[in-house]
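Only one structure is covered here, and it is reproduced in the block below.
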Amino acid sequence: MAVQKPNSPRVPGKILRFTKGERLSHWVHVVSFFVLLLTGWGILSEFFRPTLMIFGGVDVSRILHRVFAVIFVVVIVAMFFVKDPKYHWEWLRSAFRFTKADIQHIMAFPKEFFGGHANYPAQGKFSGGEKINSLITILGSAFIILSGFIMWFPQVFPDQLVRIAYPVHDLAMFMMVTALMGHLYLALLHPVSRVALEGMVKGYVPEKFAQAHHAAWYEEVKEQEK
Amino acid sequence: MAKKMILVDGSKCTGCKACSAACKEWNDLPTEKTSLVKSYQSMAGFTPNTYTYVTFEEKYENNNMHWLMRKAQCFHCEDPSCLKACSSSAISKTDSGFVVIDQDKCIGCGYCAQYCPFHVPKVDESTKKANKCTGCVARVENNLSPSCVAICQPGALSYGDYDAMMATAQARLAEVKKKFPNANLYGQNGQAGTTYRYILLDAPAAYGLPENPSTDLSLYLWKDIIRPIGKIVMGGAAAAVVAGVVINAVKGNYQKEPFEDHHQMKKEEKM
Ligand code: SF4
Ligand code: SF4
């Protein structure tokens, strides 16, 4: 498992967690996700209809929703081939591979979520909880992209397929927003895990944080550095 | 206003298409280029500017041909799929039984078109509004019959209070059945009954109509299951986040040094 880009600069007391490519994918996903959510939500629920006004009304939202849908798909898929592909593929693979340590992390996690102190075995680059978030993102994206494509071109697909695409699109959205709320809380508001945000912004996290939360990964990185 | 009904008597229709012209006239709809799609049928389907047209099926029996003609328009369902599907509460039903689209509320999402078992509504791509037969509610509410009914010369279209019209329909059906044994009253089954009902001279399938039109199951799945559960789950997640923040604040976790704890289980527990 490649853990650290060999030629990345060392920062004392810090450890490289996310390469440029990984961070780029993440932030493109973030921006397009929010635009898609805000331009779509007003269609889903009349309560949020005024939200569409931020973008200049229903008609502009309709166009933006499609433009950002394309960005969402094209840019992120491209990253798997263009920028640090190895890291992208590794993340994808790891999201589908749950170890015993991951399961134990997930079991212990609710306690930590609500401010307690949980014990769990050493975690890899992605902890059990992070893998769940990744999994929801990956599956949710797959469903939302497929159903969205069908909804975009209803004339070319059988009626029955289009009729099923609507609830699937909604369901995927609900799943992803639910995961997003947990993700935002942990990244911005949780006293301990919010430190991880640095990794997504600058690439580096404090070594102490890595040791505490991703000990298995931390040791691998140290091993490689020798 | 009491529940109304329109009877389309297939045995009386001559296929003159006056109803179609009268509809355009009353609703101020532009004419469109037509062509003979099949037999004497001049429109392939509804368009944003054509709310009603006549379908022609040629039926051959013992070397005789006769036409199965049907004036097609929105059925004005008692339990309309389009209404349930609408994203914008733009569709409503009048007490008289007509289903109308509020053009100001419609955003042209096309869900109504997709879910109508008869594919009636059509979205105008330039105005982004869904259009369909309005039932001439403005006329109906002023005690006039819909425009198509008013013009029909052979008396194939008739309009009135539901109960009276049903009696007429039954009587006509008994009469028509003598000549067309397969004749039936269409619009009874499915969608909880429809405001436009037909005396069809043959089985619905011969006209290309579904025997039991119904709202697609996926629409119930969407509006009655996924959506309410989705809202509850999202609400639960939001509540969990708020609880997390409050508990952390109360415990003073925000003041602590973030990584004073190591989470590892003891070495022997690790494997
Ligand atoms: S026929 Fe279609 S458009 Fe008309 S009321 Fe029924 S479901 Fe709605
Ligand atoms: S196209 Fe208009 S009437 Fe039809 S479902 Fe969408 S908002 Fe409602």
Side-chain angles (χ1 to χ4, degrees), chain A residues 42-46 49 52 58-59 62 100-101 104-105 108 110 112-123 151 154 159-160 162-171 173-175 177-182 184-186 189-195 206-213 215, chain B residues 85 87-90 105 107-111 113-115 117 119 123 128 216-223 225-227 229-266 269-271:
Chain A
I43 307 287
L44 176 82
S45 147
E46 287 168 74
R49 189 62 50 88
L52 301 183
V58 181
D59 291 323
R62 202 188 311 268
K100 198 169 155 227
Q104 284 173 305
H105 178 261
E112 188 160 331
F113 188 96
F114 292 112
H117 176 78
N119 280 323
Y120 44 76
Q123 298 290 303
M151 288 160 71
D159 282 332
Q160 204 52 43
V162 181
R163 288 172 176 175
I164 291 195
Y166 300 135
V168 167
H169 207 69
D170 266 24
L171 181 64
M173 187 281 301
F174 281 126
M175 273 170 52
V177 171
T178 304
L180 172 72
M181 286 196 275
L184 281 179
Y185 163 66
L186 292 167
L189 296 171
H190 190 272
V192 180
S193 72
R194 61 178 167 169
V195 177
E207 287 200 358
K208 277 177 164 179
F209 169 81
Q211 260 173 315
H213 290 262
Chain B
S87 67
S88 308
S89 309
K105 285 190 183 166
I107 60 165
C109 65
Y111 298 161
Q114 200 62 43
Y115 276 108
H119 292 100
V123 176
K128 293 284 176 205
D216 197 72
L217 221 55
S218 63
L219 187 56
Y220 294 108
L221 182 69
W222 182 16
K223 299 276 173 132
I225 298 176
I226 291 178
R227 197 162 278 186
I229 292 181
K231 280 186 195 160
I232 293 170
V233 170
M234 279 196 338
V241 167
V242 172
V245 172
V246 171
I247 294 170
N248 275 308
V250 169
K251 280 190 166 179
N253 287 346
Y254 287 105
Q255 278 80 47
K256 283 189 200 146
E257 214 266 287
F259 354 93
E260 58 195 17
D261 308 322
H262 282 225
H263 290 281
Q264 267 70 271
M265 292 176 168
K266 285 186 235 85
E269 278 180 85
K270 219 175 148 178
M271 278 299 140

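Sequence lines set the chain letters: A, B, ... in the order given, protein chains first and strands last, and positions in each chain run from 1.
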Item to check | chain B interface, residue from A:D59, A:D159, A:I164 that has the most non-hydrogen pairs under 4.5 Å | outcome: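 Counting heavy-atom pairs under 4.5 Å, the top option is A:D159.
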Item to check | Heavy-atom pair count under 4.5 Å with chain B, highest-scoring of A:H190, A:M181, A:M151 | outcome: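 Result: the option with the highest number of such pairs is A:M181.
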Checklist entry - Quick one: what part of B:A249 sits under 4.5 Å from any heavy atom of chain A, side chain, backbone, both or neither? => result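 It is neither, since no heavy atom gets under 4.5 Å.
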What option among [options] has the most heavy-atom pairs under 4.5 Å with chain A?
{"options": "B:S88, B:A85, B:G235", "answer": "B:S88"}
{"options": "B:H119, B:K231, B:Q255", "answer": "B:H119"}
{"options": "B:I247, B:I107, B:I229", "answer": "B:I107"}

Checklist entry - Which class fits the ring pair A:H105 and A:Y120: parallel under 30°, tilted 30 to 60°, perpendicular over 60°? => result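 Perpendicular: the ring planes of A:H105 and A:Y120 meet at over 60°.
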Item to check | For B:R227, salt bridge (charged side-chain N to carboxylate O under 4.0 Å, His left out) partners two or more places apart | outcome: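 Here the qualifying residues are A:D170.
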Check whether any side-chain heavy atom of [X] lies under 4.5 Å from a side-chain heavy atom of [Y], and answer yes or no.
{"X": "B:V245", "Y": "A:Y185", "value": "yes"}
{"X": "B:K128", "Y": "A:V58", "value": "no"}
{"X": "B:Y254", "Y": "A:V192", "value": "no"}

Item to check | Nearest atoms (heavy-atom pairs only) where A:F174 meets A:L44 | outcome: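 Minimum heavy-atom separation between A:F174 and A:L44: CZ-CD2, 4.4 Å.
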Checklist entry - Where on A:M175 is there a heavy atom nearer than 4.5 Å to chain B: the side chain, the backbone, both, or neither? => result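 Neither part; nothing is under 4.5 Å.
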